[in-house]
Amino acid sequence: MKLSIKDLDLKGKRVFIRVDFNVPIKNGKVEDDTRIRGALPTIQYAIEQGGRVILASHLGRPKGARVDKYSLRPVAKHLSELLGKPVEFADDCVGEEVKRKVDALKNGDVLLLENLRFHAEEEKNDDRFAKQLASLCDVYVNDAFGAAHRAHASTVGITKFVEKAAAGLLMQKELDYLSRVITNPEHPFVAILGGAKVSDKIAVINALIDRRVDKLLIGGAMAYTFFKAEGFTVGKSLVEDDKLETAREIKRRAEEAGVELLLPTDHQVVDSFDPLHSRKTIPIEFTNVGLVGLDIGTETVARFSNALKGAKTVIWNGPMGVFEEKPFDEGTVAIARAVADAADNGATVIVGGGDSVAAITQAGVADRITHISTGGGATLEFLAGDELPGVAALNNKS
Ligand code: AMP
């Protein structure tokens, strides 16, 4: 068990909280504040305990340079509205000016630092930079589960230079739910995976098979690599030609382990020469060379939904089609409804990954899902059984 923020005495302490405020910003406004809301319990707890709260996050990929569109300033304003109290903003995350702002904090005050990734040292996990961050605080709390699979200065390096490194409440919640799924899932256990590439998900698929998932439902472009491996024509659909053998191997392993592997039986396709006017739903085996598969079909939605009936544990990561292009979001949104139904019928349902979570919101079923994970890559790595560096670096409970 990792040390929790609840194990720390925060009164009058400078509390550095690594949060995940990597949110979409348009015209200086936060477009989706799910991640900010996710960190509120930890921030509010630190405020109530009389901590002097210092928040730090990355935003986008500024690659070590100051890039205005990746400034966290709009987040300070938004957070201040959510908390109903002022949030001070520092133009940098290290240096004299930041120190002065930290020194001026009173118990219960909140300061948000500028984007950590404006310094290339952050992603390099540079010791000197980590030490500078550490010098700002008395205790360190990591609440950024979504960044815990990266060994960066603010997630790993800093822990070497602070006395106490603890998990925040969101981090703890993520670890609790996801550990339960990998150590002791209630059966029937159904996993739904989608998205672009098999290669990103090989480790998690193998781990799920080892952990005796009962059914593995695969949609999205990933499915085409499996179809091509079996000799089907997939037309111009996205395939990883160097992963055909991997797909065969996964199929073999699933069969040996008695895992039911379900692939789409129909899909929505367009003609690659007339993509705007040629959308139709056809059986997979009718795919000819000129077609591109962009979403699962209605029969597949029904089969996948049926496979979820009676499930006690469900995990879902990755869209069933090109979710960002309407109407190819339909299959993914239909699956969002199906997993919400499974949750209503008693399953523990965990959803992770940007597109799947967006589909849950779009379908209006977010409040029916047991746990919406804030991690994409971190969730997959954790489910694959890897130790996340940002978690490993935290102190254990003594
Ligand atoms: P991932 O990052 O692996 O979760 O994959 C997400 C991406 O997969 C999204 O950008 C989707 O557009 C893409 N995707 C899903 N299904 C398909 C498909 N049939 N063809 C092309 N891209 C797809």
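All ligand and atom numbering here is 1-based and tracks the order in the structure. Being a predicted model, the structure only gives us computed values, none of them experimental. Note that these values count all heavy atoms, side chains included, but never hydrogens, waters or copies made by symmetry.
Between Glu121 and Gln132, the side chains place no donor N or O within less than 3.5 Å of an acceptor N or O (distance only, hydrogens not considered).
Ring geometry, Tyr177 versus His371: the interplanar angle falls under 30°, so the pair is classed parallel (tilted spans 30 to 60°).
Annotation: cation-pi geometry satisfied between Lys6 and Tyr45 (NZ/CZ under 6.0 angstrom from ring centroid, within 45° of ring axis).
Considering Lys101, Lys106, Arg52, Arg73 as possible partners of Glu88, the one that fulfils the salt bridge (Lys or Arg N to Asp or Glu O under 4.0 Å) test is Lys101.
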Sequence neighbours excluded and cut-off under 3.5 Å, please list the side-chain donor-acceptor pairs for residues 76-85, or say none.
unit_1 : atom_1 : unit_2 : atom_2 : d
His78  : NE2    : Asp33  : OD2    : 2.8
Ser80  : OG     : Lys85  : O      : 3.0
Lys85  : NZ     : Gly108 : O      : 2.6

Could you give the N/O to N/O pairs under 3.5 Å linking ligand 1 and the protein, each with its distance?
unit_1   : atom_1 : unit_2 : atom_2 : d
ligand 1 : 3 (O)  : Ala196 : N      : 3.2
ligand 1 : 3 (O)  : Lys201 : NZ     : 3.3
ligand 1 : 5 (O)  : Ala196 : N      : 3.0
ligand 1 : 8 (O)  : Ala196 : N      : 3.2
ligand 1 : 10 (O) : Glu324 : OE2    : 2.6
ligand 1 : 12 (O) : Glu324 : OE1    : 2.8
ligand 1 : 12 (O) : Glu324 : OE2    : 3.3
ligand 1 : 16 (N) : Ala221 : N      : 3.1
ligand 1 : 16 (N) : Gly321 : O      : 3.4
ligand 1 : 19 (N) : Gly293 : O      : 3.0

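For an aromatic pair to be called close, the ring centres must be under 6.0 Å apart, and His58 with Tyr70 fails this.
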